[in-house]
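Notes follow the structure.
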Number of protein chains: 2
Amino acid sequence: MNLVLNDGSPDLSENQKLVMDLLERKSGPLSAYMILDELRDSGFRAPLQVYRALEKLISIGKVHRVESLSAFIACSHMSCEKLGVTAFVICDKCENVQEVSDESISLFVTDLAIKTKMKAAKSNIELHGLCDGCQNI
Amino acid sequence: MNLVLNDGSPDLSENQKLVMDLLERKSGPLSAYMILDELRDSGFRAPLQVYRALEKLISIGKVHRVESLSAFIACSHMSCEKLGVTAFVICDKCENVQEVSDESISLFVTDLAIKTKMKAAKSNIELHGLCDGCQNI
DNA sequence: ACAAAATAGTTATAGTATAACATAACATAC
DNA sequence: GTATGTTATGTTATACTATAACTATTTTGT
């Protein structure tokens, strides 16, 4: 049993912590196999160790999967559990990824769900293009 | 040289036509390998034949890739070349996919691009959940 | 301590996509 | 019309992404 006072976030297993720390250090998106390679020295041997850790981290909102990159990125919002819907804005040149999460995003998703009579479970919103910096080169 | 009068859509190669017809017949999303299997009798032997046809069809807006399904679907709008941005609404139960393309979608994408100072090239908007029918079962 | 349940490790394999090279089809110049 | 360059297509091999099935370990409740 866990008697330690904490901030409300669930305890993470060793593997989950390793993956989380790595994603936070790198800050950009990493593929599952990049994560595996980076964590070999920490004892990772197989993809499933990565995927299982990611599954947990995604379920608690600390990591997101960027579908169009088949990659994973640490949540930039102190965890999205509360905030709900986010969008990713991806520069195809410098590969920088911004995570955007504001009222307009969740409003849009809510409206879309109503309009299509859907009970929404999950959304992926990803915008590719050139970031401010890369447009002017 | 092509001197035939047509509706403005570019000529498609035999393989491209086969893939396009299949996607239109099925109307739902198909993975590249499902397409390959369906077209073996028509002479398809290798994944690349499918991917190359898809690349072309996607570039002219007649087919979309649904990122979160790793699958491909015929455009339901007579081709999206003009219409621009679309969103996909996916029922996780019956696997039906609706393509939505209206002002509110493109407005949202435009706003997001401005807000993030991006020159947008491509967007993926995908909403997963339960459709109207599947909610009441 | 023991049984049941949850967690983690391992091996093998399925599913998705592209690189690299070979061949064929087609256009244009000569 | 044949040589030549260009584009489209075919083929083989391989890389990348993800999960199934099984085993071992750890944790938890009694």
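In what follows, chains carry the letters A, B, and so on, assigned in the order in which the sequence lines appear, proteins first and then strands, with residues in each chain numbered from 1.
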Please report the distance, rounded to the nearest Å, between CG in A:Leu39 and C1' in C:dG9.
15 Å
Distance check needed: C:dA8 P versus A:Leu54 CG, whole Å only.
13 Å
With the criterion set at under 5.5 Å between ring centres and under 30 degrees between planes, would D:dC16 be stacked on A:Tyr33?
no
Between B:Gln98 and A:Thr116, is there a side-chain donor-acceptor contact under 3.5 Å, judged purely by atom types and distance?
no
Report the distance from atom NZ of B:Lys56 to atom P of D:dT9, rounded to the nearest whole Å.
9 Å
Between D:dG10 and B:Gln49, is there an OP1 or OP2 to side-chain N/O distance shorter than 4.0 Å?
yes
Could you please spell out the steps behind the salt bridge (charged side-chain N to carboxylate O under 4.0 Å, His left out) verdict for B:Glu24 and B:Lys62?
CA-CA 10 Å; B:Glu24 277 171 345; B:Lys62 286 181 157 317; 5.7 Å; no
So, are B:Arg25 and B:Glu38 salt-bridged, with charged N and O less than 4.0 Å apart?
no
Phosphate-side-chain proximity, B:Ser70 and C:dG15, N/O vs OP1/OP2 below 4.0 Å:
no
Base, sugar-phosphate or nothing for A:Arg45? Non-hydrogen atoms, less than 4.0 Å.
sugar-phosphate
Check for me whether the distance between the ring centres of B:Phe88 and B:His64 falls short of 6.0 Å.
yes
Please report, rounded to the nearest Å, how far the P atom of C:dT16 is from the CD1 atom of B:Ile58.
15 Å
Please give, in whole Å, the distance from C:dG15 C1' to B:Leu30 CG?
15 Å
Please determine whether a side-chain nitrogen of the Lys or Arg among A:Lys115 and B:Asp102 lies less than 4.0 Å from a carboxylate oxygen of the Asp or Glu.
yes
To the nearest angstrom, how far is A:Phe72 atom CZ from D:dC16 atom C1'?
12 Å
Minimum-distance nucleotide to A:Leu48 side chain [options: D:dT11, C:dA8, D:dT19]:
D:dT19
Taking the side chain of A:Asn15 as its heavy atoms from C-beta onward, which of D:dT9, C:dA8, D:dT17 lies nearest to it?
C:dA8
Considering only side-chain heavy atoms of A:Arg52, which listed nucleotide, D:dA21, C:dT18, D:dT17, is closest?
D:dA21
To the nearest angstrom, how far is A:Leu36 atom CG from D:dA15 atom P?
16 Å
Short side-chain N/O contact from B:Ser31 to OP1 or OP2 of C:dT16, under 4.0 Å:
yes
Output the rounded distance in Å from CD (B:Glu14) to C1' (D:dG10).
15 Å
Of the listed nucleotides (C:dT18, D:dT9, D:dT17), which one gets closest to any side-chain atom of B:Pro47?
C:dT18
